[in-house]
2 protein chains.
Amino acid sequence: MENQTPDPIEPTLSGPQAAALLAARGQAVAPGVPGQPFANMLCFSVYAAQLAFNRLYKQLLAPHGLTYLQYLVLVALAQAQDRTVGELGEVLFLESNTLTPLLKRMEAAGLVVRRRDTQDERVVRVALAPAGAKVVGEVECVPLDVLSALDMPMGDLQQMKVAMDRLGAELRKTGG
Amino acid sequence: MENQTPDPIEPTLSGPQAAALLAARGQAVAPGVPGQPFANMLCFSVYAAQLAFNRLYKQLLAPHGLTYLQYLVLVALAQAQDRTVGELGEVLFLESNTLTPLLKRMEAAGLVVRRRDTQDERVVRVALAPAGAKVVGEVECVPLDVLSALDMPMGDLQQMKVAMDRLGAELRKTGG
DNA sequence: AGCGATTAGATCGTGTGCGATCTAATTAGG
DNA sequence: CCTAATTAGATCGCACACGATCTAATCGCT
């Protein structure tokens, strides 16, 4: 495959030689089995679980024209008259550099409404549009359905949520 | 802020009206406090924890010129002579559409070496380059340091890793 | 009132993720 | 052998994330 020439890849260095360099340090990087390089790395397990969640939700939300993040925004808006971009950011742990393009796409799709606050023209208030309210109702049961489909006790899953919330809070403290 | 006119934002619909639409369904979307719309959503807690991990690692890895994903690739390569793109994908739960550009950037940065397998020209073998072996040694202790900095018992964190691995496996089963 | 500092969003560039599609290399079946 | 199917990567377009920077609106201080 590859186009034309099979992608040159200049032989800068032989592979075994590189591995030897590491071995020369006298200490393996991780004690895991060759097939599982991320033993003792909770960060990786969270990363992998998030990937898996995202893929599953993508399947379930795509028929409704939503991405996972767009779904989260709709859920966050479903409980309030409206939220400012900053408030959405607090709830979703995101900044305006992520939210502004996202909200513009959602507005273009008719899911939300953006409007400048009349008291403070710096503030943008975001609210559900009718299509957004409709679709958030359609996908309301998705999270519970997903968890129900897993072969794991619901009590364990609840405990895991508490633990993840705690972990996230601790990590945010540390990041300072 | 904003350029010229304060971003028109055509008033397609009033916000309260949208919220009313949802309330009319007779059932709140989630029973949580207004400030915490994601009660009972483990997916969100995992998402938020992953964001927090990623931000913290970004801080710690940036001085070494690594992103989090690049770091994972280096760790995966540190245990083997080399790995094919497909093998890396199995370990990292990623496909070639993500790995190929990533590996090309890492090769350009001198972190890894890519080479066509001589037996099967379809296969690309990836190995640590000297700079990659050097930097993976420098950041070897980062994961443990991060966890140590948290105000949580190490035993709890180990249990969480087991639980996350299980959750990821279950989600991947469900996704079909 | 006037002006520097602060604040809320927006913009830009880079790096993931991923669905869809493409190509070249290998394999399978007649 | 020769072609169809399979396989391993690569490419493309779009949607997050985020550091860095910008602008407009508001606030604070004199």
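Chain letters run A, B, ... following the sequence lines, proteins first, then strands; residues in each count from 1.
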Start at the 5' end of DNA chain C and walk down; is the nucleotide closest to Asn54(A) or to Val85(A) reached first? Val85(A)
Closest nucleotide among [options] to the [X] side chain:
{"X": "Leu102(B)", "options": "dT16(C), dG9(C), dC18(C)", "result": "dT16(C)"}
{"X": "Ser96(A)", "options": "dA10(C), dG17(C), dG19(D)", "result": "dA10(C)"}
{"X": "Asp120(A)", "options": "dT16(C), dT26(D), dG9(C)", "result": "dT26(D)"}
{"X": "Leu51(B)", "options": "dA10(D), dC16(D), dC18(D)", "result": "dC18(D)"}
{"X": "Lys104(A)", "options": "dA10(D), dA17(D), dA10(C)", "result": "dA10(C)"}
{"X": "Arg55(A)", "options": "dT16(C), dG9(C), dG17(C)", "result": "dG17(C)"}
{"X": "Asn97(B)", "options": "dA20(C), dC16(D), dG17(C)", "result": "dA20(C)"}
{"X": "Leu69(B)", "options": "dA17(D), dT16(C), dA8(D)", "result": "dT16(C)"}

Looking at [X], does any N or O in its side chain come under 4.0 Å of the phosphate oxygens OP1/OP2 on [N]?
{"X": "Arg125(B)", "N": "dG9(D)", "value": "no"}
{"X": "Thr84(A)", "N": "dA8(C)", "value": "no"}
{"X": "Tyr47(A)", "N": "dG17(C)", "value": "yes"}
{"X": "Thr67(B)", "N": "dT14(C)", "value": "no"}
{"X": "Thr100(B)", "N": "dT11(D)", "value": "no"}

Sugar-phosphate, base or nothing in reach of Thr98(A), heavy atoms under 4.0 Å: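 Counting heavy atoms under 4.0 Å across all strands, the contact made by Thr98(A) includes a base.
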Base, sugar-phosphate or nothing for Leu94(B)? Non-hydrogen atoms, less than 4.0 Å.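 The answer is sugar-phosphate, as Leu94(B) gets under 4.0 Å only of primed atoms, P, OP1 or OP2.
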With a sphere of 6.0 Å drawn around CD of Glu95(B), does it hold more than 12 non-hydrogen atoms of other residues, nucleotides or ligands?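 For Glu95(B), atom CD is not crowded (no more than 12 foreign heavy atoms under 6.0 Å).
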Is any side-chain N of the basic residue among Glu170(B) and Lys173(B) closer than 4.0 Å to the acidic one's carboxylate O?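 Counted as a salt bridge, because a side-chain N and a carboxylate O are separated by less than 4.0 Å.
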Tabulate protein N/O versus nucleotide N/O from nucleotides 3-7 of chain D, keeping only pairs under 3.5 Å, one per line.
{"residue": "dT7(D)", "atom": "O2", "partner": "Arg122(B)", "partner atom": "NH1", "Å": "3.1"}

Within this structure, what is the [atom1]-to-[atom2] distance between [X] and [N], rounded to whole angstrom?
{"X": "Glu107(B)", "N": "dG15(C)", "atom1": "CD", "atom2": "P", "value": "15 Å"}
{"X": "Leu88(B)", "N": "dA8(D)", "atom1": "CG", "atom2": "P", "value": "14 Å"}
{"X": "Leu60(A)", "N": "dC18(C)", "atom1": "CG", "atom2": "C1'", "value": "16 Å"}
{"X": "Arg83(A)", "N": "dA8(C)", "atom1": "CZ", "atom2": "P", "value": "16 Å"}

For the pair Tyr57(A) and Tyr71(A), name the ring-plane relationship: parallel under 30°, tilted 30 to 60°, perpendicular over 60°. tilted
Taking side chain to side chain donor-acceptor pair (under 3.5 Å) as the test, write out the residues that go with Ser96(A), two or more places apart.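 Result, side chain to side chain donor-acceptor pair (under 3.5 Å) vs Ser96(A): none returned.
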Tell me every residue that passes side chain to side chain donor-acceptor pair (under 3.5 Å) with Asp145(B), counting only those two or more places apart in sequence or in another chain.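 Result, side chain to side chain donor-acceptor pair (under 3.5 Å) vs Asp145(B): none returned.
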Nearest-nucleotide check on DNA chain D, Tyr68(A) vs Gln119(A); residue mapping nearer the 5' end is Tyr68(A)
Does the Arg83(A) side chain pair with the main chain of Arg125(A), one donor and one acceptor, at a distance under 3.5 Å? no
Is there a side-chain contact between Val139(B) and Leu61(B) in this structure, where contact means two heavy atoms from C-beta onward sitting under 4.5 Å apart?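 In short, these two side chains touch, coming nearer than 4.5 Å.
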For Pro101(B) versus Thr98(B), what's the shortest heavy-atom pair and its separation?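 Reported closest heavy-atom pair: CD-O, 3.3 Å.
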